[in-house]
Amino acid sequence: MLKIYNTLARDKQVFKPIEANKVRMYVCGMTVYDYCHLGHARVMVVFDMVYRWLKSAGYDVTYVRNITDIDDKIIKRAAENNESIHTLTQRFIDAMHEDADALGVQRPDHEPRATQFIPQMLQMVEQLEQNGLAYKAADGDVNYAVRKFEGYGKLSGKSLEDLRAGERVEVASEKNDPLDFVLWKHAKEGEAEEVKWDSKWGKGRPGWHLECSAMGTELLGKQFDIHGGGADLQFPHHENEIAQSEGAHGCQYVNYWMHNGFIRVDNEKMSKSLGNFFTIREVLKKYDAEVVRFFILRAHYRSPLNYSDAHLDDAKGALTRLYTALKSAPADVGGVDWNEVHAQRFKAAMDDDFNTPEAVAVLFDLANEVNRSQSTEAAMQLKALAGVLGLLQRDAQTFLQGGSVPEGLDDAAINAQIEARIAAKKAKDYAAADRIRKELLEEGVILEDSAQGTTWRRA
RNA sequence: GGCGCGAUAGCAAAGCGGUUAUGCACCGGAUUGCAAAUCCGUAGAGCCCAGUUCGACUCUGGGUCGCGCCUCCA
């Protein structure tokens with residue numbers, strides 16, 4: 001029985017899908033004006049894990065992760081680069097897919113782009129206007145009248161009074177209430193034609209919050225099961241989505257809200273604005289993508305996760321132990337035997353709000369079992385179980401010999417040295433054998449002797 | 001200022017009202033020509049102060065500290 005921590009209830013709740021055996025979930029994706037950083041990697045990997053676990057549990061899952069391809073920052077960046085927003089966003093969408101693929105993130109069932117759902121967005125604004133929740137301001141923007149929506153703040157736990165009390169310095173605004181947010185931004189002079197769409201309120205473009213409500217509704221319906229995103233989206237983004245969708249449709253929007261914790265650097269949130277971010281591709285130059293995925297999954301998705309080379313090194317060492325246990329595992333291991341004791345512990349952990357640290361601990365216990373018993377069944381079970389998390393699916397030797405920086409000596413050179421060392425050992429010339437081993441070690445190659453012969457891996 | 005989250009061994013990170021989390025590092029042993037890998041074993045924890053309880057790292061209250069949101073942010 002799966003339990004999910006629902007931000008709306010601030011508690012773990014038993015998961016009950018709207019439609020038996022079907023799950024419809026939506027995750028806020030990227031605004032594509034730059035390369036993805038590690039924080040984006042965490043969202044992608046975490047919800048990929050959720051997606052995989054739901055499917056593994058037998059659900060028919062429809063997973064939507066949107067792409068914001070129209071937004072102030074995109075317009076600004078495109079102007080700076082003197083290129084069209086389409087060229088800009090397409091480039092970063094491609095880059096995002098490369099990063100996601102590297103991290104073993106499965107493609108969502110739908111990746112809607114905001115610019116392809118403008119009619120649905122306008123329709124929603126119209127509905128909100130009819131329901132008395134939207135108004136056109138003097139500056140031409142169409143805003144959402146927050147105070148007219150009962151229940152505003154139910155997700156973030158903020159009341160309108162609290163929000164007003166905590167208000168920051170507000171720029172001069174045409175809003176009826178400073179907390180109102182924009183549904184439709186009027187077009188400004190000098191803006192490219194490609195960022196303007198016609199509407200009954202005049203030319204303009206959609207507000208960010210509106211995009212997700214409209215795309216979610218279009219692809220998943222007025223009410224769906226799970227909505228995810230980073231913890232920073234809880235307010236105002238998700239709060240506003242609720243106001244829009246429930247205000248327009250009059251029914252509950254989402255049943256379970258999930259929010260992942262941040263990646264931190266030196267104990268501070270990694271973000272564009274703080275400038276302390278590392279892009280995924282930057283990190284992948286130094287660390288194997290599976291190490292990064294493992295690093296993310298060995299922490300609970302709601303906990304903060306500090307990024308540093310030391311922690312990545314630690315994750316690499318741990319993953320190496322798991323792969324070492326799989327050295328003689330067959331390539332094709334088949335499915336998981338869910339009746340086996342480790343699998344049951346694994347399932348219990350995953351069903352408890354996706355407790356991947358606990359699930360990973362089970363993997364280590366199973367690795368110990370594999371090493372002790374040399375059982376092929378145990379090895380197959382380990383690989384199959386890890387596969388549920390999108391881990392350990394490569395050939396163990398490939399992983400172990402790949403190393404973080406696949407450069408230096410090539411395989412042939414290493415094997416030649418190993419042969420030379422075997423000859424030296426046969427001749428009882430241990431000084432020569434040790435010298436070869438030491439030289440290889442200096443090249444980052446670690447030798448391991450066993451009854452079956454000598455194998456090597458990269459440090 | 002308002003709202004929320006967290007504090008676990010050297011580092012990272014979970015569960016649990018009483019019985020080994022787990023990984024890395026450390027110590028002892030097995031194995032090895034010596035290593036590495038592996039196995040066996042030891043050691044090491046729960047921010048502070050109260051309370052509840054036969055018993056609290058785990059529950060309650062109060063502190064302290066850290067982080068996040070209240071503006072675009074995954």
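Every chain is numbered from 1, with letters handed out A, B, ... down the list of sequences.
If you check every strand for non-hydrogen atoms under 4.0 Å, A/N368 touches sugar and phosphate atoms only. Residue A/Q234 is out of contact with every strand shown, counting any heavy-atom pair closer than 4.0 Å. Note on A/L363: nothing from the nucleic acid sits closer than 4.0 angstrom, heavy atoms only. Nucleic acid contact class of A/G261 (heavy atoms, under 4.0 Å, all strands): base. Among the atoms of the strands shown, only primed sugar atoms or phosphate atoms (P, OP1, OP2) are found under 4.0 Å from some heavy atom of A/G157. Within 4.0 Å of A/L447, counting heavy atoms only, lies at least one base atom of the nucleic acid. Here A/A361 lies in heavy-atom contact (under 4.0 Å) with a base. Looking at heavy-atom distances under 4.0 Å, A/K327 makes no contact with the nucleic acid at all. As judged by a 4.0 angstrom heavy-atom cut-off over every strand, A/M270 is placed among the base-contacting residues. Among the heavy atoms of the strands lying under 4.0 Å from A/F364 are primed sugar atoms or P, OP1, OP2 only; no base atom is included.
Set against B/G33, B/C72, B/C67, the side chain of A/N267 has B/C67 as its closest nucleotide. Taking only side-chain atoms of A/I446, from C-beta outward, the nucleotide of B/U22, B/A36, B/G23 with the closest atom is B/A36. Candidate nucleotides B/C72, B/C11, B/G33 were compared by shortest atom distance to the side chain of A/H311, and B/C11 ranks first. In this structure, of B/A14, B/G33, B/G23, it is B/A14 that holds the atom nearest to the side chain of A/S303. Nearest nucleotide to the A/K269 side chain, out of B/G33, B/A36, B/C69: B/C69. Considering only side-chain atoms of A/K158, the nucleotide from B/C69, B/C34, B/C72 that sits closest is B/C69. With distances taken from any side-chain atom of A/H40 to the nucleotides B/A74, B/C67, B/A14, the minimum falls on B/A74. Side chain of A/L305, nearest nucleotide from B/A13, B/C34, B/G23: B/A13. In the set B/A14, B/A37, B/C34, the nucleotide with an atom closest to the side chain of A/P357 is B/A14. In the set B/A12, B/C72, B/C34, B/C72 carries the atom at the smallest distance from any side-chain atom of A/W208.
As rounded to the nearest Å, B/A43 and B/G29 have C1' atoms that lie 15 Å from one another. Across B/G66 and B/U38, the matching C1' atoms stand 40 Å from one another, rounded to whole Å. When the C1' atom is used for both B/C11 and B/G2, the distance is 36 Å, rounded to whole Å. The separation of B/G28 from B/G15, taken at their C1' atoms, amounts to 29 Å, rounded to a whole angstrom. Annotation: B/A45 and B/A9 have their P atoms spaced 10 Å apart (nearest Å). When the P atom is used for both B/U60 and B/G6, the distance is 11 Å, rounded to whole Å. Taking the P atoms as reference points, B/G41 lies 14 Å from B/A21, given to the whole Å. Spacing of P atoms, B/U22 relative to B/G44, comes out at 15 Å, to the nearest Å.
Of the two residues near RNA chain B, A/S156 and A/S273, the one whose nearest nucleotide lies more 5' is A/S156. When the nearest nucleotides of RNA chain B are assigned to A/H37 and A/H300 by heavy-atom distance, the more 5′-ward of the two goes with A/H300.
Nucleotide B/C11 holds its C1' atom 7 Å from the CG atom of A/D314, rounded to whole Å. One interatomic measurement links the two molecules: CG of A/L163 to P of B/U71, which rounds to 7 Å at whole-angstrom precision. Nucleotide B/C67 holds its C1' atom 17 Å from the NE2 atom of A/H259, rounded to whole Å. For A/Q344 and B/G15, the CD to P distance is 20 Å, given to the nearest whole Å. Protein atom NZ of A/K438 is 16 Å distant from nucleotide atom P of B/A35, rounded to whole Å. Atom P of nucleotide B/U22 and atom CG of A/D365 are separated by 6 Å, given to the nearest angstrom. One can place CZ of A/R421 at 13 Å from P of B/C34, the figure rounded to the nearest angstrom. Following rounding to the nearest Å, A/W456 (CH2) and B/A37 (C1') show an atom-to-atom distance of 16 Å.
Put simply, the side chain of A/R437 and the base of B/C34 share a donor and an acceptor less than 3.5 Å apart. Between the side chain of A/K73 and the base of B/C72, a donor-acceptor pair under 3.5 Å is found. Under 3.5 Å, the side chain of A/D434 and the base of B/G33 form at least one donor-acceptor pair of N or O atoms.
Put simply, A/R298 has no side-chain N or O that comes within less than 4.0 Å of OP1 or OP2 on B/G23. The phosphate of B/C39 has OP1 or OP2 within less than 4.0 Å of a side-chain N or O from A/R321.
Residue A/K148 places its NZ atom among 12 or fewer non-hydrogen atoms of other residues, nucleotides or ligands, all under 6.0 Å distant.
Taking each heavy atom of A/R293 and A/G390 in turn, the nearest pair found is NE-O, 3.3 Å. In this structure, A/L219 and A/P112 approach most closely via the heavy-atom pair CD1-CG, 3.5 Å.
Partner of A/D352 under the salt bridge (Lys or Arg N to Asp or Glu O under 4.0 Å) criterion, out of A/K3, A/K12, A/R345: A/K12 alone. No option in A/Q397, A/R457, A/E290 other than A/E290 meets the side chain to side chain donor-acceptor pair (under 3.5 Å) test with A/Y323.
Of the possible polar contacts, one joining the A/N6 side chain to the A/N255 backbone as a donor-acceptor pair under 3.5 Å is found. Using modelled atom types, no side-chain atom of A/K316 and backbone atom of A/Y287 make a donor-acceptor pair closer than 3.5 Å.
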Bracket string, RNA chain B, 5' to 3' - pairs by Watson-Crick or G-U geometry under 3.5 Å, | interstrand: (((((((..(((.....[...)))..((((.......)))).....(((((..]....))))))))))))....
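By the salt bridge (charged side-chain N to carboxylate O under 4.0 Å, His left out) test, A/R91 pairs with A/E83, sequence neighbours left out. Every residue was checked against the ring-ring contact (aromatic ring centres under 6.0 Å, His included) condition with A/F117, not counting sequence neighbours, and none meets it.
Stacking between A/F262 and B/A74 is absent: the ring centroid is not both under 5.5 Å from the six-membered base ring centre and under 30° in plane angle.
Using a 4.0 Å cut-off between charged nitrogen and carboxylate oxygen, A/D434 and A/K438 do not count as a salt-bridge pair. A salt bridge does not link A/D71 to A/R205: none of the charged side-chain nitrogens sits closer than 4.0 Å to a carboxylate oxygen.
Aromatic ring centroids of A/F224 and A/Y253 lie under 6.0 Å apart.
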